[in-house]
Amino acid sequence: MDRMFPETGRDWDDLEREMVEASRDDLPWRSGRTHKAAFHASEDVIDLVEKAYTKFLGENALYTALFKSLEKFENELLGMTAEMLNGDAATAGITTAGGTESNLIAVKAARDYARTHRPQARAPEILCASTAHPSFNKAADIMGLTVVRVPHGADYRADVAAIAEAVTDNTVMIVGSAPCWSFGVIDPIPALAELAASHELWMHVDACVGGFISPWVRRIGYPVDDFDLGVAGVWSISADAHKYGYAAKNISTLSFRNAALRDLTRFHFEDWPSGAYATNTFLGSRTGGSIAACWAVMNYLGTTGYEKFAAISMGAVDRLKAGIAAIDGLALRGDPPVTLFAFGSDTYDIFAVAEAMERHGWIVNRGKAPPSIHLIINPVHAPLVDDYLADLAASVDEVRRGHNLAADARVSYAE
Ligand SMILES: *Cc1c(COP(=O)(O)O)cnc(C)c1O
């Protein structure tokens, strides 16, 4: 076997060259030609985030008591998030390493709540629409729960009546998405929260992708249905700062209606030679960099900065939706109110269209059921809307004229 570990160290120039070379075929996420992994507002935001991150890269957020800076950044960024999500003085939250961890911890809190408040739930179940994120199944897999996924309605939103039918003694939690990733539509959160309240169930809103965009979209005048802590009966809500917050990975927020619910996230252990060990997260050691960078970017942009970026993205969304509607045979999936959506066709093989778009130099996100092209719009996409629509019209035309044969039908989000 070839040795990988160099016996003598290599200098930075040598390493940098190899790193740049290694990244040559990476997804060009800053280019505006991809809609995956491209949460990108502007270059000055990235510069700021990079500076703030590296300043606190070595600080360990496991020890907030030792790093008052991180405690301050975390408290303040959670306070700003609570304001953004219509919380009040009682709102209490934690930061996590991402949407997946936020949802995992929401499930842990709901499970622990049910242990004392819902003894009839012998085999705890999470109830959600089929569009809920896979992290709820990951949570169930790790923590020994079951997820009951109820088919979404014709409008791609959660079917509240069908979910109501599915409530059993084992139900401990109802999850709604605001919005769901696949179609960008917001589940009827007030109705789901009312259902949860009527059974005294934990209501969690997965606003991982929408939490940092929907409030600003609404503030600039677009209609967005209620989805956040302003809805009575919502007990927890996850919102990823490393998506539309434009922070560096890894950071998400998980906000609770009050501190008592938040404290259910706590893991506490004493029986260890080094003494007490308590955390609110799945991770132990974690960098202070992502917390510092998140705090910095929220303060750098302020509410008007986020509104400005929301306006740029929504302007692009409006033009894209109109342009897609104008192409014969293409249709949006449902009525998505913010910056992500999917479209497909009853006339053409949409994956053949996707492949044609790839020949035009776009990196295309696909959806599986129903077959769709998925867009998640950021400010970086706005200057390319006309190019995108022109290439889309040309691609549909190519497919119509039979230029595309068997398109690959396999769809993958992440593997
Ligand atoms: C992105 C996303 C998640 C998970 O987020 P990660 O940051 O990838 O862990 C959860 N729910 C929804 C709706 C998302 O869009």
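Residues: numbered from 1 along the sequence shown. We count ligands from 1, going down the list as the structure has it; atoms in each ligand are counted the same way. Quick note: numbers below take in every heavy atom, side chains included, and nothing from hydrogens, waters or symmetry partners.
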Thr304 versus Glu307, side-chain donor and acceptor atoms under 3.5 Å: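 Looking only at side-chain atoms, Thr304 and Glu307 do not form any donor-acceptor pair under 3.5 Å.
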Residues Arg262 and Asn280: side-chain donor-acceptor under 3.5 angstrom: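 Distance-only check fails for Arg262 and Asn280.
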Six-ring centre of Trp362, Arg33 cation under 6.0 angstrom, axis tolerance 45°: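 Yes, cation above the ring, under 6.0 Å and within 45°.
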Quiz item: cation-pi between Lys36 and Tyr413, 6.0 Å / 45°: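 Flagged: Lys36 positioned over aromatic ring of Tyr413.
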Check: Thr96 and Ile94 side chains under 4.5 Å, non-hydrogen atoms: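 Yes. Closest side-chain heavy atoms under 4.5 Å.
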Those atoms of ligand 1 less than 4.0 Å from some heavy atom in [X]:
{"X": "Gly99", "value": "4 (C), 5 (O), 6 (P), 7 (O), 9 (O)"}
{"X": "Asn103", "value": "10 (C), 11 (N)"}
{"X": "Trp181", "value": "15 (O)"}

Backbone or side-chain N or O of His242 under 3.5 Å from ligand 1 N or O: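 So ligand 1 has an N or O lying under 3.5 Å from an N or O of His242.
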Checking a contact table here: which protein heavy atom is nearest [atom], and how many Å away?
{"atom": "atom 13 (C) of ligand 1", "answer": "Asp206 OD2, 3.4 Å"}
{"atom": "atom 8 (O) of ligand 1", "answer": "Thr100 OG1, 4.2 Å"}
{"atom": "atom 2 (C) of ligand 1", "answer": "Lys243 NZ, 2.3 Å"}

Close aromatic pair by centroid cut-off 6.0 Å: Trp29 and Phe39: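 Between Phe39 and Trp29, which both carry aromatic rings, the centre distance is not below 6.0 Å.
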